[in-house]
Amino acid sequence: MPKVRPLADKVLIRPKKEEEKTAGGIVLPDSAKEKPQEGTVVAVGPGRLLDNGNRAEMGVKEGDVVIYSKYGGTEISIDGEDYLLMDEGSILAVKE
Amino acid sequence: MPKVRPLADKVLIRPKKEEEKTAGGIVLPDSAKEKPQEGTVVAVGPGRLLDNGNRAEMGVKEGDVVIYSKYGGTEISIDGEDYLLMDEGSILAVKE
Amino acid sequence: MPKVRPLADKVLIRPKKEEEKTAGGIVLPDSAKEKPQEGTVVAVGPGRLLDNGNRAEMGVKEGDVVIYSKYGGTEISIDGEDYLLMDEGSILAVKE
Amino acid sequence: MPKVRPLADKVLIRPKKEEEKTAGGIVLPDSAKEKPQEGTVVAVGPGRLLDNGNRAEMGVKEGDVVIYSKYGGTEISIDGEDYLLMDEGSILAVKE
Amino acid sequence: MPKVRPLADKVLIRPKKEEEKTAGGIVLPDSAKEKPQEGTVVAVGPGRLLDNGNRAEMGVKEGDVVIYSKYGGTEISIDGEDYLLMDEGSILAVKE
Amino acid sequence: MPKVRPLADKVLIRPKKEEEKTAGGIVLPDSAKEKPQEGTVVAVGPGRLLDNGNRAEMGVKEGDVVIYSKYGGTEISIDGEDYLLMDEGSILAVKE
Amino acid sequence: MPKVRPLADKVLIRPKKEEEKTAGGIVLPDSAKEKPQEGTVVAVGPGRLLDNGNRAEMGVKEGDVVIYSKYGGTEISIDGEDYLLMDEGSILAVKE
């Protein structure tokens, strides 16, 4: 597990590798050859701070397999592995 | 039923196929030859999180046949079928 | 009556036809030759959801003859008739 | 009086005609030759809906002679007369 | 005094004339040759309407000599005199 | 002390002169040759008006030496001295 | 420790030097050759002022090693060392 704690409503995602994708049932037709838009949540922030001082509950949790917008996220590399750090709002759905 | 759970106010839609459309009474003149703007809701998110901590009630439900804006949504493919994941705000009306 | 239920603050409008317009007293000089900006409300949404969970009351109702901004709305066709689906905010006034 | 009821914070204005303007004391130097920016309020909307469900009080009333921004408003014609429909926010001041 | 009542948070300003400026201690170096950015408040609006229904208190009053942003305001002419109508937010400071 | 009272959250700053800067420990590498980004607060506004009618407390006070964004502020000259009038939000930090 | 007190939700960061980075496990592939996106928090502001008059709690503290967006921050130099002053919102995560 990477030792990175996302802030606010940020989510750390390990993108699905190309070979895994062929096995799974979900592919993203338009951009499948460009870069994966499916991945696994490995860490979530504490939630966006609301104006009343509370934090908004996060809609995803560690381990969720998610589909995300191809424009979301910043690529980072941790111990040689590639990850994405993105706002929760860039995540579209959870695969169940 | 696709095993995909939309987040927040996202809605998963199965676009109407071209042949189905000719039979139905509703067509969209300008863009009818480009891509369908009518479809069936197959899954809805829990609603946008309000600042008071509650979630906004969704205006559409599973099974609704909807008309949506042609600029809304991200195309995804699940088990070989094409779907659209879009914000509820991109849905204009429900056909009854 | 078209069987379409607008969402949120959307309004379904049947644009006035050109021949009807010559008879009526209201014409829109700049764009009269391009497309009508007057029409009849045929269905209204339940209102925009407010942050307190209520819905904003709609300012127009079925049967209202309205003047609308020429940049508002999406054209749809229902049973061979053309309609416009637009935000209530694109409606400028009601003719009485 | 035109039979048009503005919505929300919209205001219906009858622009001052050029000949009237020469007689009055207020002229607008830069754009005086282009189009009038002074007129008389002939109808006002009920006010913008606030988030608490009330409506914001309108700052102008029928009969007010107003100075308005030259970028505000949509031109409409009612019974052969030209009028402007604009947001109250495009009205700068009331002449007393 | 011009008979013009500004709306909301609008302020009516009589710009300082060039000759007055040479006598005063404040000049605006970059744009001094283009147009004055100092003037006297001759009328103020009732204040911007807040969401709770009250009006925000105005920070300037009649008679204040103010420094304003060179991009603020609309020029109007009243009885042959030039004035500026601008949002209070375009006023930077009051000279004391 | 200049006789200028900033409005709302505006701050009046006397920029540090080039010769002073060489002596001090803080320089701004990228733009040091263009214009100073360090200065002394000489007057502060009463604070931005909040929606509840109170004013937001200012984070800087007279005499503070501050570092500010190079895109903030309007240059004015008072009694032959150059000053900057800027939003508090353009001030990044206070030197202690 | 630099004697600089950030305002509001600003954070002062000492960017990790290139040689340090090779030793650590986290590198940022796309822009690693351009400029570091990892650093140590050396000072934090008191938090953004909320509309209720309180301040939002900061999500980072002195000593945190953080990953930040490459578009965030203003470079400043203190006593010959380079630092970045950025909004907390430009910080993506904390390395643990």
Side-chain angles (χ1 to χ4, degrees), chain B residues 8-11 13 15-16 18 21-41 44-73 86-96, chain C residues 1-18 34-36 39-58 60-62 64 66 68-91:
Chain B
D9 63 343
K10 299 289 188 302
V11 178
I13 291 175
K16 198 173 184 173
E18 280 307 312
K21 246 189 175 161
T22 323
I26 297 186
V27 293
L28 304 168
D30 280 342
S31 59
K33 282 152 210 155
E34 302 163 12
K35 57 171 165 171
Q37 287 178 259
E38 192 184 325
T40 304
V41 172
V44 299
R48 181 173 56 88
L49 198 67
L50 301 176
D51 269 359
N52 61 13
N54 298 327
R55 288 190 177 275
E57 192 191 0
M58 296 295 283
V60 292
K61 60 179 195 305
E62 232 185 275
D64 280 351
V65 176
V66 295
I67 299 170
Y68 48 85
S69 160
K70 68 177 165 181
Y71 302 112
M86 69 176 66
D87 292 340
E88 188 192 2
S90 295
I91 301 180
L92 303 169
V94 177
K95 208 181 151 187
E96 295 191 319
Chain C
M1 192 72 62
K3 291 177 195 69
V4 165
R5 174 170 56 89
L7 287 184
D9 62 344
K10 299 290 188 302
V11 178
L12 184 69
I13 291 175
R14 185 171 52 87
K16 198 174 184 172
K17 297 208 179 85
E18 280 308 312
E34 301 164 12
K35 58 171 164 171
T40 303
V41 172
V42 292
V44 299
R48 181 173 56 89
L49 197 67
L50 301 176
D51 269 359
N52 61 15
N54 298 327
R55 288 192 177 273
E57 192 191 359
M58 296 294 284
V60 293
K61 60 179 195 305
E62 232 186 275
D64 280 351
V66 296
Y68 49 85
S69 160
K70 69 177 164 181
Y71 302 111
T74 296
E75 296 177 357
I76 66 165
S77 166
I78 307 174
D79 297 331
E81 287 273 347
D82 288 347
Y83 292 89
L84 282 166
L85 259 170
M86 69 176 66
D87 293 340
E88 188 191 2
S90 295
I91 301 180

- Reported CG-to-CD1 distance for the pair C/L85 and B/I91, which is rounded to 0.5 angstrom: 12.5 Å
- Qualifying residue, where the test is side-chain contact (heavy atoms from CB on, under 4.5 Å) with C/L7 and the options are B/L92, B/V66, B/V60: B/V60
- Message: Under the rule for side chain to side chain donor-acceptor pair (under 3.5 Å), what residues qualify as partners of B/D9, not counting sequence neighbours?
- Response: none
- Options B/N54, B/V94, B/D64, ranked by heavy-atom pairs under 4.5 Å with chain C, top entry: B/V94
- Message: Taking side-chain contact (heavy atoms from CB on, under 4.5 Å) as the definition, give me every residue that meets it alongside B/V65, ordered by chain and number, with sequence neighbours left out.
- Response: B/E38, B/T40, B/K95
- Note on the structure: Whatever's closer than 4.5 Å to a heavy atom in chain C on B/R48 counts as side chain
- Heavy-atom pair of closest approach, residues C/R5 and B/E96: NE-OE2, 2.8 Å
- Looking at B/A93 and C/P6, what are the two nearest heavy atoms and their distance? CB-CA, 3.8 Å
